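Read the structure below first, then the notes.
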There are 2 protein chains.
Amino acid sequence: MSPPRYDKSTRTKGRPTLKEVAQVAGVSPITASRALRGISSVTEELAVRVHSAAEQLGYVVNPAARALASACSQTVAVIVPSLGNQLFIEVLESIHQVMRPHGLEVLIGNAHYSRYEEEDLIRQYLAHQPQGLLLTGFERTEGARRLLEASQIPCVYMMDLDSGVGLHCVGFSQVQAGAAVAEHLLARQRKHIAFVGAQLDQRTLLRAEGFRHRLQKARCYNPMLEVLTPQPSSIGLGCELFAQLMQRYPQVDGIFFGNDDLAQGALLEALRMGISIPQQVSIVGFNDLPSSAFTVPRLTSIRTPRAAIGQRAAELLLSLIEGDTIGQRTQDLGFELMVRESS
Amino acid sequence: MSPPRYDKSTRTKGRPTLKEVAQVAGVSPITASRALRGISSVTEELAVRVHSAAEQLGYVVNPAARALASACSQTVAVIVPSLGNQLFIEVLESIHQVMRPHGLEVLIGNAHYSRYEEEDLIRQYLAHQPQGLLLTGFERTEGARRLLEASQIPCVYMMDLDSGVGLHCVGFSQVQAGAAVAEHLLARQRKHIAFVGAQLDQRTLLRAEGFRHRLQKARCYNPMLEVLTPQPSSIGLGCELFAQLMQRYPQVDGIFFGNDDLAQGALLEALRMGISIPQQVSIVGFNDLPSSAFTVPRLTSIRTPRAAIGQRAAELLLSLIEGDTIGQRTQDLGFELMVRESS
DNA sequence: TTGTAGGCGTTATCAG
DNA sequence: CTGATAACGCCTACAA
């Protein structure tokens, strides 16, 4: 004999409601609501009854009803410039890991490196009344800024550091990282040092800036050796840009690529062209993607703390959501130069 | 003199409502609602008034209220097994491109190659009452199946073809693709042919199966040369598995890797070990990731139609949402062997 | 600690 | 073609 249980097949409506759970548990809807939300004012015994009723019915809250009633959804939104870059996938992953135990859903938005798409996403997500927002960098439209300000919703900025506006941010100094690469190439006695960057997002430009300044200081800067293109960064593009650069300026003996994928392309093309790395040219990448430890030769790169950034940004956002008054608004997580064979 | 306009700064509430838009437009809320939803029964003139009022107020619908009232959100959910695989990013991208013009938001779920995580995601997303669901493959828990069935929500399955259950699916035959690779290596006169697969998801196993069967038919199958590991696929893992395999079975002269990243790792390791590809060993990958055209040597791979899969799956889902009775439930988009230098 | 009353912003239904 | 009315499922505020 099967145990007496609520027969789902007799339900006419699509899905059990809080009211039904309450009926089964023999309490009022509000008590059921409180019990399910883990509000401590509910007696242990009632809470147990409610939970087992919910279980029995297969009850899942209706997020729309909850959001409408409470004017707030159990959601945080993250907007990254790209999903094609493994970097941001890792950031998203750590954010998930922090948010999930708190019962917060993570909405993922891809702005495709466009300020306008980002603004649209922000508008869209704000409509959902998220608990908080995680954004990438500081480069956005005025409209987006106004939306954020008006919304009053907690917001943490990832990847770069704030230059004084007082935003909550978690990242590292892109400028310093660029400078560190220049330093490294200079220490390697390189004389004709190039920068190759694609995508031209704010962070790439800041890296280029730090790099350039350091070279200028060493009187070793040649603007002809700065290659910038708005095309999306990729291994194929790295091949192409490296070949072009070496053809035009054969004297180049050191190159900093704004992203590891470009650098990886360059290594492959060098192999094909018979250019020996690092003997003839030192190559340095950026981000230290997992595959960069396995290239031939292994790629020297700046390791960026993206997992930590995602985690700390998420934790910071949580504390803002809780209403904590934060002491430190800016968290510098640093970076590390991974010196390998390519330089 | 600035034009007379609604002064947002005097608003006490956070956000304009439909009612306010209606007031400004001088119509009833329901008319405003209809106008904004583009329901044709509204007079042109009123519609214009409503739209300009909405514009003026910066009105954005409250998705929660809409979902609650209509028992349906303007959302479709997609669940992929991983975001680390570029493959699925491309699928997501095409889905977006199809859904966005229809005003449908795309919820992205990452199941991390886990049936249990997938079930949780399905439960979570169904709670949101999406218009439809896009899932990857057919491998899922019984619980997930029941949820899907009970929900009655349109669902399209991506990447693989249905083996008779009558689901709506868009993909290609993983088994045939595996067989095609075997065929190719046999045609290259390879005698000691290995398979290397990681992750061991359903699709990888199906590829292995097709590959194995074709080799058996040619009496060229050696089970010792089938390397399977549950570890996540990566370039680093490819390096490692290739080195191990060549050490244990130096006579191997052809390898099919279940994913391009593994194959790319193998190419790098071969370079390091001084094993000439394809002279000593033919190497074939799977998926034809963008970078595979640039490896040294360039990688032979199966090009899978992931952009097309995303697009067609999204279109199919849209038509199911519209209530179309579909003639064809299964769409085979095929695959293509890209023969390059590595085989 | 529990319950009652009311409303969140929108849409479905049906009447005009 | 337009509008009044009543939900949708849940939560806040207050009362018991």
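Just so it is clear: chains get the letters A, B, ... in the order the sequence lines come, proteins before strands, and each one is counted from 1. Source: prediction; values computed, not measured.
Using a 4.0 Å heavy-atom cutoff across all strands shown, A:L18 reaches sugar-phosphate atoms only and no base atom.
For B:E149, the CD atom sits in a loose shell: 12 or fewer heavy atoms of surrounding residues, nucleotides or ligands are nearer than 6.0 Å.
One finds a side-chain N or O of B:R37 lying less than 4.0 angstrom from the OP1 or OP2 phosphate oxygen of C:dT11. Close to C:dT2, at under 4.0 Å from its OP1 or OP2, lies no side-chain N or O of A:T31. Of the side-chain N and O atoms in A:T43, one or more sit less than 4.0 angstrom from OP1 or OP2 of C:dT2.
Taking atom CD of A:Q129 as the reference point, atom P of D:dC10 lies 17 Å away to the nearest angstrom. B:R15 has its CZ atom 9 Å from the C1' atom of C:dG9, to the nearest Å. For B:L57 and C:dG9, the CG to P distance is 14 Å, given to the nearest whole Å. Between the CZ atom of B:R49 and the C1' atom of D:dC1 there is a distance of 13 Å, given to the nearest Å. Between the CD1 atom of A:I30 and the P atom of C:dG3 there is a distance of 10 Å, rounded to whole Å. We find that OH of A:Y59 is positioned 10 Å from P of D:dG9, with the value rounded to whole Å. In this structure, CG of A:L46 is placed 8 Å from C1' of C:dT2, rounded to the nearest angstrom. Protein atom NZ of A:K19 is 15 Å distant from nucleotide atom C1' of C:dG3, rounded to whole Å.
Map B:G26 and B:A65 each onto its nearest nucleotide of DNA chain D; the residue landing nearer the 5' end is B:G26. Toward the 5' end of DNA chain C, the nearer of the two residues B:R34 and A:S70, judged by each one's closest nucleotide, is A:S70. Across the interface with DNA chain D, nearest-nucleotide mapping of B:V42 and B:L68 shows B:V42 to be the residue nearer the 5′ end.
Annotation: side chain of A:M99 is not in contact with side chain of A:T75 (no heavy-atom distance under 4.5 Å). A heavy-atom distance below 4.5 Å is not found between the side chains of B:E118 and B:T141. When side chains are defined from C-beta on, B:E139 does not count as touching B:Y113, because their heavy atoms never get closer than 4.5 Å.
Checked options A:Q131, A:R66, A:H102, A:E105; the residue passing with A:Q74 is A:Q131 (criterion: side chain to side chain donor-acceptor pair (under 3.5 Å)).
Inter-axis angle, ends of the helix from C:dT1-D:dA16 to C:dG16-D:dC1, five pairs per end, rounded to 10 degrees: 30°.
Taken to the nearest 0.5 Å, the NE2 atom of B:H168 stands 9.0 Å off from the OG1 atom of B:T330. To the nearest 0.5 Å, atoms CD1 (B:I89) and OG (B:S82) are separated by 7.5 Å.
Checking D:dG3, C:dT11, C:dG3 against the side-chain heavy atoms of A:S28 singles out C:dG3 as nearest.
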